[in-house]
Structure formats: C-alpha cells, structure tokens
There are 2 protein chains.
Amino acid sequence: MHQNINMPIAEDGVRGRILDAAREEFSQRGFEASSVRAISDSASVTPAMINYYFGGKRALYEAVIVDAQARLHSRLGVAVADGPTAANLAGAYFDFLAEEPQMQRLLLREMLDGGVERFPELLRPLRALLTQHFGGDAGLQRALSLFGAIAGYFIYEPVLGELLGEDPLSSDALARRRSHIIALSKKIEEFES
Amino acid sequence: MHQNINMPIAEDGVRGRILDAAREEFSQRGFEASSVRAISDSASVTPAMINYYFGGKRALYEAVIVDAQARLHSRLGVAVADGPTAANLAGAYFDFLAEEPQMQRLLLREMLDGGVERFPELLRPLRALLTQHFGGDAGLQRALSLFGAIAGYFIYEPVLGELLGEDPLSSDALARRRSHIIALSKKIEEFES
DNA sequence: AACCGTTCTAAACAAGTGTTTAGACCGAAG
DNA sequence: CTTCGGTCTAAACACTTGTTTAGAACGGTT
C-alpha cells in the first residue's frame with residue numbers, strides 16, 4: 001500500500017489554505033453549489049483573496065482538479081514501474097481512492113458535470129493503461145468490471161456502513177476490501193468472456 | 001431484458017411536463033445547480049407553477065426521486081419473483097440503469113450530496129436483497145464487486161466512447177456488456193474470497 | 001347572468017451569488 | 001524617511017436565485 005508520493009496534499013500559506021478549503025468544499029457540495037464565501041470563510045480569508053490568488057471561482061476549481069490529477073498520475077506511474085499487472089494497477093487505483101476519498105467524490109462529480117471534455121488529461125493515462133494492458137473487447141470488458149468493482153466500493157460507501165457493520169473507510173475494512181480486489185483482479189485475468 | 005413495467009415515466013398535463021423537465025435538469029446539473037426558471041422554461045410554464053403544483057424546488061426534487069425509487073423497486077420486485085439468483089438481480093439492476101441513464105446520474109448525485117440519510121427508502125430493498133442473498137462478509141464482498149462492475153459501466157460511460165469505438169449506450173454495446181455482466185455474476189458466485 | 005374555485009401570469013421580493021474597486025497595511029529597498 | 005510592490009480588507013457592484021403576491025382568465029354550476 002504505497003503512500004507518501006512526494007506530492008504533498010497541502011501547501012503552506014494563504015494559497016494553500018484556500019486550496020485545501022476549496023478541495024473540501026467542492027468535493028462535498030460540487031462546483032455550482034459551493035460558495036466562494038464559504039470557502040474563504042473556512043480558509044479564514046476574504047472572498048477577494050480567492051480572486052487575488054486564483055483569478056476566480058472556476059480557476060480555483062481547475063487548480064484543485066489539476067492538483068488531484070497530478071497525484072493520480074504519479075501514483076499510476078509508480079504502479080506501472082512496479083510491473084504493469086492488473087493487480088498492480090488495481091491496487092494503485094484502490095489506494096488512491098482509499099487515501100483520498102475526497103478525490104473520489106470530486107472526480108465523480110466532475111465526470112457527472114462535464115463528462116471528460118473539460119479535463120481531457122484527467123483520465124488519459126488511465127485510458128492508455130487500459131488499452132495497453134487489457135486489449136481487445138473482452139479485455140476491455142474485464143477492465144471495466146475490475147475498475148468498476150474498485151470504484152463501486154467508494155461510491156456506495158455512504159450506504160455500506162450498516163451493511164458491513166463497521167466504517168467502510170476504517171483500515172480494517174479497507175484492507176479486507178483491498179485483498180478481495182487483488183484476488184478479483186487475478187481471477188478476472190483468467191476469465192474468458 | 002424486461003421493460004414497460006406499468007409505471008410510466010411520463011405523466012400528462014402541466015404537472016407531468018414539469019416533472020419530466022425537472023428529472024432532466026436535476027440529473028444533468030444536480031439539485032443546487034438546477035434553476036427553477038430553467039425547469040419552468042423547458043416545461044413551457046411560469047416559475048410560479050412549480051410552487052403551485054409542488055410547493056417549491058426541494059419538494060419538486062423529492063417528487064422526482066420518489067418517482068425513480070418506485071420504478072427501481074418495482075423492477076427489483078419482478079426480478080426476485082423470477083428467482084432471486086445473482087444473475088437475475090444483476091440483470092434487473094443493469095436493465096434499470098440501461099433504460100434510464102438519467103436515473104443513474106440522479107441517484108449517484110443524490111448519494112454524493114446526501115448519503116442515504118435523505119431518502120432512507122431509496123436503497124432499502126436493494127440492501128435487503130444483498131444481505132439476504134449474499135450473506136456473510138465474503139458474500140458481501142462479492143456483491144459489492146458485482147454491483148460495482150454494473151454501475152461502473154454507466155458511471156464511466158462518458159469516457160468509454162473512444163475506448164469502445166462505439167456509443168456505450170447503443171443497444172449493441174449494452175447487449176455485449178450485459179452478457180459479460182451475467183457471465184461475471186455466475187463466475188463470481190463460485191468465487192471464494 | 002352572477003358566482004365560484006381552479007389554473008395561470010406578470011411583477012416584485014429579499015437574499016445570496018461571483019467579482020471588482022478603492023484603499024489600507026506592511027516589510028524591504030533606495 | 002520615503003517609496004514601492006505585494007498582500008489584504010471592507011464595501012459595493014450587477015446579477016441570479018427561489019418564492020410570494022395580486023390579480024387575470026377560464027370553465028362549470030346555480
């Protein structure tokens with residue numbers, strides 16, 4: 001379970017406080033529903049500072065996304081370096097979502113709101129990996145199932161609490177889920193569709 | 001591929017037009033980002049009519065959700081009647097999402113915005129089915145993988161176009177995906193985690 | 001014809017939105 | 001000390017939001 005890729009989630013100073021508050025607010029409420037004043041309040045800053053540092057609400061949002069995308073890519077990069085097996089890719093994706101559940105929400109919202117048009121770079125490396133290592137239609141079907149199974153856990157997370165009898169994001173539950181996913185990834189590789 | 005459950009998606013008259021426009025707008029933009037005026041315009045109606053018929057924006061949204069929830073439940077009901085196998089449940093869920101892609105977006109947004117607190121009835125039958133037919137932790141893990149794999153296809157749908165080389169919601173692509181899901185559901189049942 | 005409740009409209013309302021402005025503050029350089 | 005560029009604030013800006021209001025139009029009943 002890799003962590004501490006050298007791309008800190010936080011940043012010092014006012015700019016960093018704004019970025020942190022924005023990531024939290026955007027992931028919780030979505031872009032439109034988030035208010036600049038709520039973000040600035042939570043960062044202990046004047047609303048005008050957001051325009052001073054970022055140029056506007058939209059630009060701030062894009063900064064948050066680009067920030068997330070950089071961390072996802074770096075994570076996938078080291079996974080491929082470790083050997084581009086389905087299990088490694090699945091593990092890297094799982095860890096990314098597990099360690100930054102905010103990001104799962106944020107990326108999901110972005111996908112719902114803007115498709116993939118708005119940030120074409122966002123999933124490009126992921127797509128490249130998929131076509132490279134899960135070629136053909138059958139391979140693609142398997143990849144979709146695997147990555148869906150990974151994402152599904154975090155998407156349905158709010159509902160899973162009483163189903164699992166424990167916090168789905170607790171390290172115990174996550175470890176259990178992760179090992180199931182790894183096993184699934186191996187099982188799915190030898191699966192002819 | 002069942003369809004035409006006797007619960008029409010449309011309704012006649014002004015109230016029905018508003019409901020249709022609201023479902024479209026809410027699923028496309030989310031609750032907060034949707035504007036009452038946009039909905040009323042698209043329904044060829046005065047904004048005031050929304051309050052006249054529904055009592056407000058929030059109440060209109062709840063009407064849309066309750067409407068969706070009714071159709072989902074009825075769909076799961078007939079699947080269970082057909083025999084509560086994993087394949088039947090998976091197929092019913094797949095068909096619901098395939099035939100009403102709006103609903104996938106709407107339910108996903110609702111889950112992101114409000115967890116499950118806001119409409120506790122929404123996923124209750126689905127949860128009951130899960131605990132009933134996928135008992136124990138291992139069974140739950142399998143169910144999560146299966147339903148994640150189903151939902152994942154529709155969630156990532158905007159990205160899948162160029163990956164699949166065809167419209168992911170075309171009947172060909174859907175049929176191919178569905179048969180893979182059914183096969184997966186059978187494979188996953190005999191899978192010890 | 002006069003009355004009625006229902007349906008609908010146009011206009012206004014207060015509150016909140018993102019953004020801009022004018023200027024204060026402050027530490028460092030000349 | 002003065003000046004200057006960067007940082008920051010309070011107030012105002014124009015605009016959109018959801019909702020309310022007063023009343024018109026309509027169709028059916030007495």
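In what follows, chains are A, B, ... by sequence order, proteins preceding strands, each numbered from 1. In what follows, every heavy atom counts, from backbone to side chain, and hydrogens, waters and symmetry copies are set aside.
- Between the CG atom of B:N51 and the C1' atom of C:dC13 there is a distance of 13 Å, rounded to whole Å.
- Between the side chain of A:R37 and the base of C:dG16, no donor-acceptor pair under 3.5 Å is found.
- A close approach under 4.0 Å does not occur between any side-chain nitrogen or oxygen of B:T46 and OP1 or OP2 of C:dC8.
- Here the two rings, on B:Y156 and A:F147, have centers that are 6.0 Å apart or farther.
- Rounding to whole angstrom units, CE of residue B:M49 and P of C:dT9 are separated by 6 Å.
- Counting any heavy atom pair closer than 4.0 Å across all strands shown, A:S40 reaches no nucleic acid atom.
- Residue B:A48 places its side chain closer to D:dT21 than to any other of D:dT21, D:dT9, D:dC8.
- At whole-Å resolution of the value, CZ in B:F54 and C1' in D:dG18 are 16 Å apart.
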A:E99 and A:R75: CA distance, side-chain angles, deciding distance, salt bridge (Lys or Arg N to Asp or Glu O under 4.0 Å) verdict
CA-CA 11 Å; A:E99 287 168 32; A:R75 218 174 259 276; 3.1 Å; yes
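- The phosphate of D:dC8 (OP1 or OP2) has a side-chain N or O of A:Y53 nearer than 4.0 angstrom.
- For D:dC8, the OP1/OP2 oxygens have no side-chain nitrogen or oxygen of A:Y52 closer than 4.0 Å.
- Spacing between atom OH of B:Y61 and atom P of D:dT19 amounts to 15 Å, rounded to whole angstrom units.
- Of all nucleotides listed (D:dT19, D:dT9, C:dT19), D:dT19 comes nearest to the side chain of B:P47.
- For the residue pair B:Q28 and B:R105, the shortest heavy atom distance occurs at O-NH2, 4.0 Å.
- Look at CD1 on A:I50: it is 13 Å from C1' on C:dT17, rounded to the nearest Å.
- Counting non-hydrogen atoms under 4.0 angstrom, A:S34 reaches the backbone sugars and phosphates but no base.
- As rounded to whole Å, 18 Å separates atom P of C:dA15 from atom NZ of B:K57.
- Across the protein-nucleic acid pair, B:E32 atom CD and C:dG16 atom P stand 13 Å apart, rounded to whole Å.
- For the residue pair A:Q141 / B:R176, no side-chain donor-acceptor distance below 3.5 Å is found, with atom types taken as modelled.
- Between A:F94 and A:F154, the ring centre distance stays below 6.0 Å.
- In this entry the distance linking CZ of B:R15 with C1' of C:dT6 reads 16 Å, nearest Å.
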